[in-house]
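Everything on this sheet refers to the single structure shown next.
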Amino acid sequence: MLAKPLTLSAPGKAILHGEHAVVHGKAALAVALNLRTFLQIRPSNNGKVLICLPNIGTSLNWETVQLRTLLRAFSDGLDESKSPSPEQMDALKEFAGITTGLSTTESLATLAFLYLYLSISAKYGQIPSVEIVVWSELPIGAGLGSSAAYSVCLAAALLTACGAIGCPLEEEKSVVRWPEEELDLINRWAFRGEQVIHGKPSGVDNSVATWGGVLRFQSGKITSLKRVPTLRILLTNTKVSRSTKILVAGVKDKILKFPAIMNPVLASIDAISQECENVLEAMAESPSQEYYPVLEELFDINQHHLNVVGVGHSSLDNVCRVTATHGLHSKLTGAGGGGCAITLLRPDTDPLMVEAVRQDLSACGFECWETSIGVPGICLHSLSSLKAEVLHVFNSA
Ligand SMILES: Nc1ncnc2c1ncn2[C@@H]1O[C@H](COP(=O)(O)OP(=O)(O)OP(=O)(O)O)[C@@H](O)[C@H]1O
Ligand SMILES: C[C@@](O)(CCO)CC(=O)[O-]
Ligand SMILES: [Mg+2]
C-alpha cells in the first residue's frame, strides 16, 4: 500500500484549565504547542516491522509472520470502537517479552505501538512491512502530551500504510492535513493508543494533537475556539518524572474516598474552565489589559485545587513561588506530580524580565522557554519542509 516514505508530525499540548477534572466529565481548555513529535514511515520488503525511538534509545523489530500469528488470535473485536482488553494487553506483553508488572517508558511505547499496529492491521486486512522512526521535540512524560502526539502520529501513519485513509500530500505543497472525517478516524484510533499508555484517558490530549488550535473538550465533545487572543506562555519543566497513569488513578481513589469533598472541587475546576473560556472570548472581541488579572487569578485558584486533588509537587510549588516574586502567575499543566508548569505573560511583559525569571527558574534546576500556542494538528510534510534537526534524526536512524 505504502509506495514511498511519509513524514508526519503532531503537536504537544498545554492544558490551561481542566486537567484531571476532564477525566470525570468536566470541561477542559487545551492549546496545541509549537513542540512536535515527528514520525517517518518507510515501506520495506524484508518482511519485518521495525520501530526506532531515538528519544528513549529503543529500536525493536519483529517478523510480520510472527505478528500474523498474534493477529489471528486477536482479530475478533480489534477495532477503533473497543477499548484494549486486559487479555489483549497480557498477550501483547507476553509477545513482547515484557515480564515486569511496572510500566516503563519503553514497555508503554512498545505496547501502544503493537496494539495500534495489530488492531489497525486486523481491521483493514493489511500487515505491512514497514520501518518507523518516531522522534519528539517534546519532553517525554512531562505533562505536554507526548503520549498523545506519539499515538496520533502512529495512528495516522498506520492507517495510511493500511490504505484506510488517503495520502493527501501533493508535490507542490510542503504541509497538508487530512480531510475532517479522516482526522476523526485518526483521533479515535489514537485514543486507543492513549488508553494503553494512560489507563483511563479523557481524550483531550489526542484531540488537541489531532485537531490543533485551541479546544474546549468535555465528555468526548470537541469544540474549536474560533476567536482567541494571542496568549504568551512560559513553560517550565521541573524535570521531576511522573506517570500520568498513576496520577489519574490516584485522583480517582481520592474521589472514591472523599466524594463529598472532592466532587465540589471538580465542579469548581469546571467553572474555572467556563470562566476562562468566557474571558478569552471577550478578549478576542475587544482586547484589553483589564482581563489579565482575571486570567491570573484563575491560574492561582486552579493551582490550589490541583494541590487539593493530590497532583501537586514541591517542584511545582517552587515554580509558582519563583514566578510570583516577579509578579507572575503559574499553575501545573497536564497530569502534575512534577512535569511542567505554565506561567501567563502579559503582552507587554518586558523581555528582560522574562530573562530574569528564566534565570531564577534555571537556578532551581528547571528548564524554561516561551512558546507559541494554537498551532495546527497532525499533518504530512514534504521532506524539503523539514527542519535540518528532524532530517538529521531520520537520516541517522
Ligand atoms: N517520542 C517518544 N518515543 C517513545 N515513547 C514515547 C514518545 N513520546 C511518548 N512516549 C510514550 O509516552 C509515555 C509518556 O506518557 P505520559 O502520558 O506519562 O506523559 P505525557 O504524555 O508526556 O504527559 P501528559 O499525559 O501529562 O500530558 C512514555 O513513557 C512513552 O512510553
Ligand atoms: C491528567 C489528564 O487530565 C490530562 C493529561 O494531559 C488526563 C486526561 O485527561 O486523560
Ligand atoms: Mg500523556
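For ligands, and for the atoms within them, numbers begin at 1 and follow the listed sequence.
Atoms of ligand 2 found under 4.0 Å from any heavy atom of Val204 (numbered from 1 in listed order, with element): 9 (O). Ligand 2 places these atoms under 4.0 Å from at least one heavy atom of Pro201: 10 (O). Listed by number with element, the atoms of ligand 2 under 4.0 angstrom from any heavy atom of Ile15 are 4 (C), 6 (O). The ligand atoms of ligand 2 that sit less than 4.0 angstrom from a heavy atom of Lys13 are 5 (C), 6 (O).
Polar contact with ligand 1: present for Gly141 (N/O pair, distance under 3.5 Å). Where the criterion is an N or O separation shorter than 3.5 Å, residue side chain and backbone included, Ile56 fails it with respect to ligand 1. Where the criterion is an N or O separation shorter than 3.5 Å, residue side chain and backbone included, His198 meets it with respect to ligand 1. For a threshold of 3.5 Å applied to N or O pairs, the pair formed by Glu19 and ligand 2 contains no separation below that value. Ligand 2 has no N or O atom lying under 3.5 Å from any N or O atom of Lys200, backbone or side chain. Of the N or O atoms in Ala148, none lie within a sub-3.5 Å distance of an N or O in ligand 1. Considering backbone and side-chain atoms alike, Ser202 places an N or O below 3.5 Å from some N or O of ligand 2.
For Lys13, every heavy-atom contact with ligand 1 shorter than 4.0 Å involves the side chain, none the backbone. Of the heavy atoms in Glu106, none comes closer than 4.0 Å to ligand 1. Contacts of His198 with ligand 2, taken as heavy-atom pairs under 4.0 Å, involve the side chain alone. Using a 4.0 Å cut-off between heavy atoms, Ser107 makes no contact with ligand 1 at all. No part of Leu247 comes within 4.0 Å of ligand 2, judged by heavy-atom distances.
Atom 26 (O) of ligand 1 has Arg242 NH2, 2.5 Å as its closest protein atom, hydrogens excluded (heavy atom only). Looking only at protein heavy atoms, the nearest one to atom 16 (P) of ligand 1 is Thr244 OG1, 3.4 Å. Closest protein heavy atom to atom 5 (N) of ligand 1: Ala109 CB, 3.5 Å. For atom 23 (O) of ligand 1, the closest non-hydrogen atom of the protein is Gly143 N, 3.1 Å. Atom 12 (O) of ligand 1 has as its closest protein heavy atom Ser147 CB, 3.5 Å.
Between atom 1 (N) of ligand 1 and the options Ile15, Asn55, Ile51, the minimum heavy-atom separation is to Asn55. Between atom 30 (C) of ligand 1 and the options Thr105, Thr37, Thr58, the minimum heavy-atom separation is to Thr105. Of the listed options Gly338, Ser146, Cys340, Ser146 places a heavy atom closest to atom 8 (N) of ligand 1. By heavy-atom distance, the residue among Thr333, Ile140, Val204 lying nearest atom 7 (C) of ligand 1 is Ile140. Comparing Thr104, Val196, Leu144, Ile197 against atom 13 (C) of ligand 1, the shortest heavy-atom distance belongs to Ile197.
Going from atom OG of Ser107 over to atom CD1 of Ile98 covers 5.0 Å, rounded to the nearest 0.5 Å.
Side chains of Ser330 and Gln303: no donor on one and acceptor on the other come within 3.5 Å. The closest side-chain donor-acceptor pair between Ser385 and Ser174, if any, does not fall under 3.5 angstrom. With no hydrogens or angles considered, no side-chain donor-acceptor pair links Gln126 and Ser121 at under 3.5 Å. Between the side chains of Arg68 and Gln66, no donor-acceptor pair is found at a separation under 3.5 Å. Judged by distance alone, the side chains of Gln274 and Asp270 never bring a donor and an acceptor atom under 3.5 Å apart. Side-chain contact annotation: Thr104 with Glu106, donor-acceptor N/O pair under 3.5 Å absent. Looking only at atom types and distance, the side chain of His305 has a donor-acceptor partner in the side chain of Ser268 under 3.5 Å away. Under 3.5 Å, the side chains of Ser136 and Asn55 contain no donor-acceptor pair of N or O atoms. A donor atom on one side chain and an acceptor atom on the other are found under 3.5 Å apart for Arg242 and Thr244.
In plain terms, the two heavy atoms of Pro139 and Ser146 that are nearest each other are O-CB, 3.9 Å. Contact detail for His313 and Gly338: the closest heavy-atom pair is CB-N, 3.6 Å. What you find for Gly47 and Ser129 is that their closest heavy atoms are N-OG, 3.3 Å.
Less than 2.8 Å away from the Mg ion (ligand 3), the protein contributes these N/O/S atoms: Ser147 OG, His198 NE2.
Using a 4.0 Å heavy-atom cutoff, Glu194 is absent from the residues neighbouring ligand 2.
Contact annotation: the side chain of Leu234 never approaches that of Ile342 to less than 4.5 Å [non-hydrogen atoms, C-beta and beyond].
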